Amino acid sequence: MTPLIIDTDPGIDDAFAIALTAASPEVDLLAVTTVFGNVGLENTTANALRLLELCGRPDVPVAAGADRPLVHPTPHRASEVHGGDGLSGAADTLPKASKDVDGRHAVALMADLLRTATEPVTIAPIGPMTNVALLLALHPELKPKIGRIVAMGGSAKGGNTTAAAEFNIWSDPEAAHRVLAEEDVPTVLVPLDLTHRCAVDATWLERLAAGGTVARGLHALTPSYRATYRRVLGIDGMVLHDAIALAEAISPGILRTTACPVEVDTSHGPGRGATIVDQRRGRNSHRRLVDVALDADVTELGEFVLSRVLR
Ligand code: RIB
Ligand code: CA
């Protein structure tokens, strides 16, 4: 079993990622750490606690992390996509948490877990990378304890929260620059270029609605998120960005990656938060490479997620 920490801003697709992980025997979920992002830290933390209760994993510690970006505040969250409470206004339909949030800061909990880990730990940031950037800055001595980082974020061609930038990177470009360009921990980046090709459809959602307690609990969170994708992508379905990243964390190689340098635009112009994925061949020997997930068997991926969250 691979020890795993999820750093998250639940978030509808984060909810599916957490449920997928809770149902996956390949990984040992050590902790869920929360960060600002889709909504504020108070909501993302409360949502993480309730989602673990729904999944029957109240034993997993939840610690709250950064409530704002490293350097420059961002003008908005993503409540227009995920609802004011982060779960389409349906957070209260989830079971109440039976556990309190851990008293440690997210970075302290991650550091404690890395110190005691006996195997390399996978860290899966599926929100702004602020907590992970802080971890790497504060505890460089713990980097050898991290097996790899599997992050949802970025895009090679155009953004979602702006024309240039994907939301997680846009929310804290300086943190993303630190993790993707400055550090040297093996990293997989799962960008919009792939996640947008992996939308689940109406049939998939009907099968989800016919599932067990967890499946029905997740389905109750989807109506407004589904309406958003009808509006922005013209599809009757939705994109589970974060679940696709966790599929890779759980089943290494389920996504097909290409090693590329990735730079982050930290300027304050129209490109702020853009990820520049350099796919030119033979130009990158001296630069840090990130494994960018640009391909997958979309049908296999959809079944991988559904088969595990149907319980
Ligand atoms: O751009 C998609 C990402 O932003 C996902 O992680 C989603 O949860 C939002 O945080
Ligand atoms: Ca997220």
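When a ligand or atom number is given, it counts from 1 through the structure's own listing order. Computed from a predicted model, the values in this text were never measured in an experiment.
Of the protein's non-hydrogen atoms, the one nearest atom 6 (O) of ligand 1 is Asp242 OD1, 2.6 Å. Regarding atom 1 (O) of ligand 1, its nearest protein heavy-atom neighbour is Glu166 OE2, 2.5 Å. Atom 9 (C) of ligand 1 has as its closest protein heavy atom Asn38 OD1, 3.1 Å. Distance from atom 5 (C) of ligand 1 to its nearest protein heavy atom, with residue and atom name: Asp13 OD2, 3.2 Å.
Each protein N, O or S atom less than 3.0 Å from the Ca ion (ligand 2) was counted, giving 5.
Proximity of Asp9 to ligand 1, defined as any heavy-atom pair under 4.0 Å, is confined to the side chain (atoms from C-beta onward).
Distances between N or O atoms of His241 and those of ligand 1 include no value under 3.5 Å. Geometrically, ligand 1 and Met152 share no nitrogen or oxygen pair separated by less than 3.5 Å.
Between Glu263 and Arg288 there is no salt bridge, since none of the side-chain N atoms of the basic residue sits less than 4.0 Å from a carboxylate O of the acidic one.
No donor-acceptor pair under 3.5 Å is formed between the side chain of Ser251 and the backbone N or O of Glu248.
In the model, Glu53 has a side-chain atom that pairs as donor or acceptor with a side-chain atom of Ser98 under 3.5 Å.
Take Glu119 and apply the side-chain contact (heavy atoms from CB on, under 4.5 Å) test, not counting sequence neighbours, and it matches Pro3.
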